**Student:** 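Would you mind keeping the following structure in view while I ask a few things?
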Amino acid sequence: MITYQNILTSAILMVCEDESAECCEDYGARAPYLLATVCNECLPLDTRYRATQGASPAEKSIPCAVTMSEEFPLSSPFVPAVTYYLAAMLILEENEDLSDKLFSLYTDAISTLQMQLPAKVEGIKNRYPGV
C-alpha cells in the first residue's frame, strides 16, 4: 500500500533533502494541499485508465487537503508522475531550474500515460443527411 506520506518522502529525497531537516516541516505542511490538487487533476485520466484495465473507478472526489497516512487513491502508474509534481512544487521558490526539470518529468509521465490509453470507438451522428 502506497500512502501520501510515501510519496512525500520520495519527493523530499528526489530534491536531495534530508527527511529530518527543518525545511521538511514546511514541505510537510504544504504537501497535503499540493497532493490533493494533483490528484484532482489526474482523477479523470485515472478513471479512463482504470476503465481500460477493467478496474473500478477511484473515489469521485478528493478533499482540498489529504491526510498523509491515507492510501494513494490513483492507480500505481500515477505514483511517479505525482511524485515529480510534488517535488517540483515543493522547491519552486528555492530552485527554479530543478523545479522546471521535475515539472517537465511530470508532464512527460502524464503524456505517456495518455498515449498508452487505447482509442475509444464511438458512433458518429450524421448531421448532413442530404449530402
Side-chain angles (χ1 to χ4, degrees):
M1 172 178 89
I2 297 173
T3 64
Y4 290 114
Q5 184 62 49
N6 297 132
I7 294 171
L8 173 59
T9 301
S10 296
I12 289 170
L13 295 173
M14 193 175 286
V15 296
C16 302
E17 296 283 359
D18 180 6
E19 296 179 73
S20 60
E22 280 184 27
C23 66
C24 294
E25 291 176 18
D26 176 51
Y27 293 170
R30 293 186 296 149
Y33 302 98
L34 293 169
L35 286 166
T37 299
V38 71
C39 287
N40 273 309
E41 288 178 4
C42 292
L43 192 58
L45 182 59
D46 180 65
T47 301
R48 289 187 7 229
Y49 177 83
R50 286 176 187 256
T52 64
Q53 303 298 312
S56 61
E59 295 178 27
K60 290 295 179 195
S61 66
I62 296 170
C64 63
V66 299
T67 303
M68 297 304 287
S69 60
E70 289 180 357
E71 184 176 358
F72 181 66
L74 305 180
S75 303
S76 60
F78 286 86
V79 172
V82 169
T83 304
Y84 291 139
Y85 176 90
L86 181 59
M89 293 301 112
L90 289 175
I91 62 163
L92 183 61
E93 298 295 321
E94 292 85 22
N95 189 337
E96 192 173 326
D97 291 336
L98 181 56
S99 179
D100 288 346
K101 175 65 176 166
L102 291 166
F103 191 79
S104 177
L105 291 170
Y106 159 72
T107 58
D108 289 347
I110 292 297
S111 295
T112 300
L113 284 168
Q114 288 175 326
M115 287 188 311
Q116 292 174 349
L117 293 176
K120 183 177 177 183
V121 178
E122 295 182 359
I124 298 174
K125 184 176 183 176
N126 184 0
R127 294 188 183 255
Y128 306 101
V131 178

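The structure displayed is predicted, hence computed values, not measured ones.
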**Student:** Give a yes or no on whether the backbone of Val79 and the side-chain of Thr83 come within a donor-acceptor separation of less than 3.5 Å.
**Tutor:** yes
**Student:** Would you call the rings of Phe103 and Tyr85 parallel, tilted or perpendicular if under 30° counts as parallel and over 60° as perpendicular?
**Tutor:**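 Plane angle between 30° and 60°, so tilted.
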**Student:** Once rounded to the nearest 0.5 Å, what's the spacing between atom CE of Met115 and atom CD1 of Ile110?
**Tutor:** 11.5 Å
**Student:** Do the side chains of Val82 and Phe72 get nearer than 4.5 Å, heavy atoms only?
**Tutor:**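 Contact flag for Phe72/Val82 side chains = yes.
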**Student:** Closest heavy-atom contact between Ile91 and Ser99?
**Tutor:**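 Of all heavy-atom pairs spanning Ile91 and Ser99, the closest is CD1-N, 3.9 Å.
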**Student:** Tell me if the CD atom of Gln53 is crowded by more than 12 foreign heavy atoms within 6.0 Å.
**Tutor:** yes
**Student:** Between atom OH of Tyr4 and atom OG1 of Thr67, what is the distance when rounded to the nearest 0.5 Å?
**Tutor:**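 Reported to 0.5 Å precision, the distance equals 8.5 Å.
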**Student:** Please find the pair of heavy atoms, one from Pro63 and one from Asn40, that lie closest to each other, and give the distance.
**Tutor:** O-ND2, 4.1 Å
**Student:** Give me the atom names and distance for the closest heavy-atom approach of Pro32 to Gly28.
**Tutor:**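 Closest approach of Pro32 to Gly28: CD-O, 3.1 Å.
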**Student:** Do Tyr27 and Ile2 sit in the same hydrophobic cluster, where Ile, Leu, Val, Met, Phe, Trp and Tyr count as joined when their side-chain heavy atoms come under 4.5 Å apart?
**Tutor:** yes
**Student:** Any sub-3.5 Å donor-acceptor pair from Arg50's side-chain atoms to Ser56's backbone N or O?
**Tutor:** yes
**Student:** Between Ala11 and Leu90, what is the shortest heavy-atom contact and its length?
**Tutor:** CB-CD1, 4.5 Å
**Student:** Quick one: pull up CG in Leu35 and CZ in Arg30 and give me the separation to the nearest 0.5 Å.
**Tutor:**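 Taking CG in Leu35 and CZ in Arg30, the distance rounds to 11.5 Å.
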**Student:** Donor-acceptor pair, distance only, cut-off 3.5 Å: does the side chain of Asp46 make one with the backbone of Leu74?
**Tutor:** no
**Student:** Answer yes or no: does atom CD of Glu96 have more than 12 heavy-atom neighbours from other residues, nucleotides or ligands under 6.0 Å?
**Tutor:** no
**Student:** What is the distance from atom CD1 of Ile12 to atom CD1 of Ile7, rounded to the nearest 0.5 Å?
**Tutor:**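 That separation rounds to 12.5 Å.
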**Student:** Looking only at non-hydrogen atoms, find the nearest pair between Ala36 and Cys64 and report the distance.
**Tutor:**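 Ala36 and Cys64 have their closest heavy atoms at CB-O, 3.3 Å.
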**Student:** In Å, rounded to the nearest 0.5 Å, how long is the span from CG of Leu113 to CG of Asp108?
**Tutor:**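 That separation rounds to 11.0 Å.
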**Student:** Taking the six-membered ring for Trp, are Tyr106 and Tyr84 closer than 6.0 Å centroid to centroid?
**Tutor:**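 No, they do not, as the ring centres are separated by 6.0 Å or more.
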**Student:** Could you grab the distance from atom CZ of Arg48 to atom OG of Ser75, nearest 0.5 Å is fine?
**Tutor:**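 Nearest 0.5 Å value for the CZ-OG distance: 12.5 Å.
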**Student:** Could you pull out the closest heavy-atom pair between Ser69 and Thr3, with the gap in Å?
**Tutor:** O-CG2, 3.6 Å
